[in-house]
There are 2 protein chains.
Amino acid sequence: MSEESHPKAEDCNCLAVRQAARHVTQFYDQFLAPIGLRMTQFSVLSRIKKRGPMTINALAAELVMDRTTLGRNVLPLEREKLIAILPGKTDRRSKELHLTELGRERYEAGAKRWAAAQRQFDVAFGDRRASELRAILRAVTKTNLSGKAAN
Amino acid sequence: MSEESHPKAEDCNCLAVRQAARHVTQFYDQFLAPIGLRMTQFSVLSRIKKRGPMTINALAAELVMDRTTLGRNVLPLEREKLIAILPGKTDRRSKELHLTELGRERYEAGAKRWAAAQRQFDVAFGDRRASELRAILRAVTKTNLSGKAAN
DNA sequence: CTTAATTAAGGGTATATGCGCGTATATGTG
DNA sequence: CACATATACGCGCATATACCCTTAATTAAG
């Protein structure tokens, strides 16, 4: 018997989640493409819509995204006037991301498309399994992998 | 009662899998960083190592990656002499990706790091749940979401 | 109040991602 | 064989991702 079973490449957690992410993102992006939004962009608009104006740092944390990544992802949205980036009221270092009226409209249009994609996914994958999927993915995202204590 | 429950943004399958992918990728990439490999690159080397020389198209399909994406991802690996890109023997349009000796060595080094990351993930998330996670993610990746018949 | 430590964000660099369009080669058909 | 079709791949474009280092502003220490 082997004293220790070598971990196998085909069991890579990271590869599995990345492949799934690519597969699912392409699907959702097809639905959003006609209105000129990507999934990432829709996520940003959706979050701001729901939670109100937020700073880069705060939004990045909620989206589980690097701060600098969000800073760049936000630029196309600002260019298209979907969001406004205003200086923070109390802290002049920070920037508040505001949803513009145009952004709200675009979000609403996107929400319809998103809902269609979501329905189709749930049908294809099964409602129950889709629900399981989201639960286990949320658990993954919440897991402190580094082992260090989270302050 | 509402005649139909609106799908909720926080239940987005796509966002969930993307966030998890970012979270997990950062973790694995930290392990691979010291030897100068990213997860994507390690996946490419690993696949070629396991399956032997492959064309861009074939490898892209296996990695659930767009053909053009892989075409670009392969360039840094070629630049560092980890893989060799040779013209296809029978079909001159295709290119065969070969693992070089240097690439094999780098892969072996990466495999050690990857195994450490994988172990730590499995411990933090739980072996059983990690196994479930991979199973459901594989199911997602395999699911034909478009509804069209797959030729 | 002055200085040190902390925090918010930008810029540089590099890779990752995929669509649309174009080119070269291969294959099927008459 | 000539021609239409299919396939393998590259390039341009735009966004996505995250590292490092830096700057500006806030907050804590003295």
Side-chain angles (χ1 to χ4, degrees), chain A residues 14-15 17-34 36-44 54-61 63-80 82 85-97 151, chain B residues 14-15 17-34 36-44 54-61 63-80 82 85-97 151:
Chain A
C14 190
L15 184 57
V17 70
R18 285 177 67 87
Q19 289 184 348
R22 286 194 288 260
H23 187 59
V24 176
T25 299
Q26 278 191 51
F27 175 69
Y28 277 72
D29 273 353
Q30 282 175 14
F31 280 75
L32 290 175
L37 282 180
R38 307 268 195 106
M39 193 56 211
T40 302
Q41 303 174 328
F42 177 72
S43 300
V44 169
M54 306 178 66
T55 66
I56 302 264
N57 267 339
L59 185 54
L63 292 176
V64 192
M65 189 180 289
D66 187 89
R67 176 183 65 75
T68 65
T69 299
L70 179 60
R72 287 177 158 90
N73 287 349
V74 134
L75 296 180
L77 297 174
E78 187 192 25
R79 175 163 47 70
E80 293 196 40
L82 303 182
I85 305 182
L86 309 176
K89 288 173 176 56
T90 61
D91 190 333
R92 281 178 301 172
R93 290 171 302 183
S94 66
K95 296 184 172 179
E96 280 178 357
L97 308 177
N151 315 358
Chain B
C14 190
L15 183 57
V17 70
R18 286 176 67 85
Q19 290 184 347
R22 287 194 287 259
H23 187 60
V24 176
T25 300
Q26 278 191 50
F27 175 69
Y28 277 72
D29 273 352
Q30 282 175 13
F31 280 75
L32 291 175
L37 283 179
R38 307 265 193 110
M39 193 57 211
T40 302
Q41 303 175 328
F42 178 72
S43 300
V44 169
M54 307 178 65
T55 66
I56 302 264
N57 265 341
L59 184 54
L63 292 177
V64 192
M65 189 181 290
D66 188 89
R67 174 184 66 75
T68 65
T69 299
L70 179 60
R72 288 176 213 285
N73 288 349
V74 134
L75 296 180
L77 297 173
E78 187 192 26
R79 174 163 46 72
E80 293 195 41
L82 303 182
I85 305 182
L86 309 176
K89 290 173 173 56
T90 61
D91 190 334
R92 279 179 302 170
R93 293 170 300 180
S94 66
K95 296 183 173 179
E96 280 179 358
L97 308 177
N151 317 357

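What's counted below: heavy atoms across the whole structure, side chains too, no hydrogens, waters or symmetry copies. Quick note on labels: first sequence line is chain A, next is B, and so on, each numbered from 1.
The base of D:dC20 has none of its N or O atoms less than 3.5 Å from a complementary donor or acceptor on the side chain of A:Thr68.
For the pair B:Asn73 and C:dT17, the criterion of a side-chain N or O lying under 4.0 Å from OP1 or OP2 is met. Under 4.0 angstrom from either OP1 or OP2 of D:dA18 there lies no side-chain N or O belonging to B:Gln30. OP1 and OP2 of D:dT7 both lie 4.0 Å or more from every side-chain N or O belonging to B:Asn57. Contact annotation: A:Arg22 side-chain N/O to C:dT17 OP1/OP2 distance is under 4.0 Å.
Using a 3.5 Å distance cut-off with no hydrogens or angles, the side chains of A:Asn57 and A:Thr55 do not pair a donor with an acceptor.
Taking CG of B:Leu37 as the reference point, atom CG of B:Leu77 lies at 7.5 Å (rounded to 0.5 Å).
Both A:Leu75 and B:Arg93 lie near DNA chain C, and the one whose nearest nucleotide falls closer to the 5' end is A:Leu75. For the pair A:Val74 and A:Thr90, both in contact range of DNA chain D, the more 5′-proximal nearest nucleotide belongs to A:Val74.
With C:dT15, C:dA9, D:dC9 as the choices, the nucleotide that has an atom nearest any side-chain atom of B:Arg38 turns out to be C:dT15. Set against C:dA16, D:dC11, D:dC20, the side chain of B:Arg72 has D:dC11 as its closest nucleotide. Taking only side-chain atoms of B:Asp91, from C-beta outward, the nucleotide of C:dC19, C:dT25, D:dG10 with the closest atom is C:dT25.
Here B:Thr25 lies out of heavy-atom contact (under 4.0 Å) with every strand.
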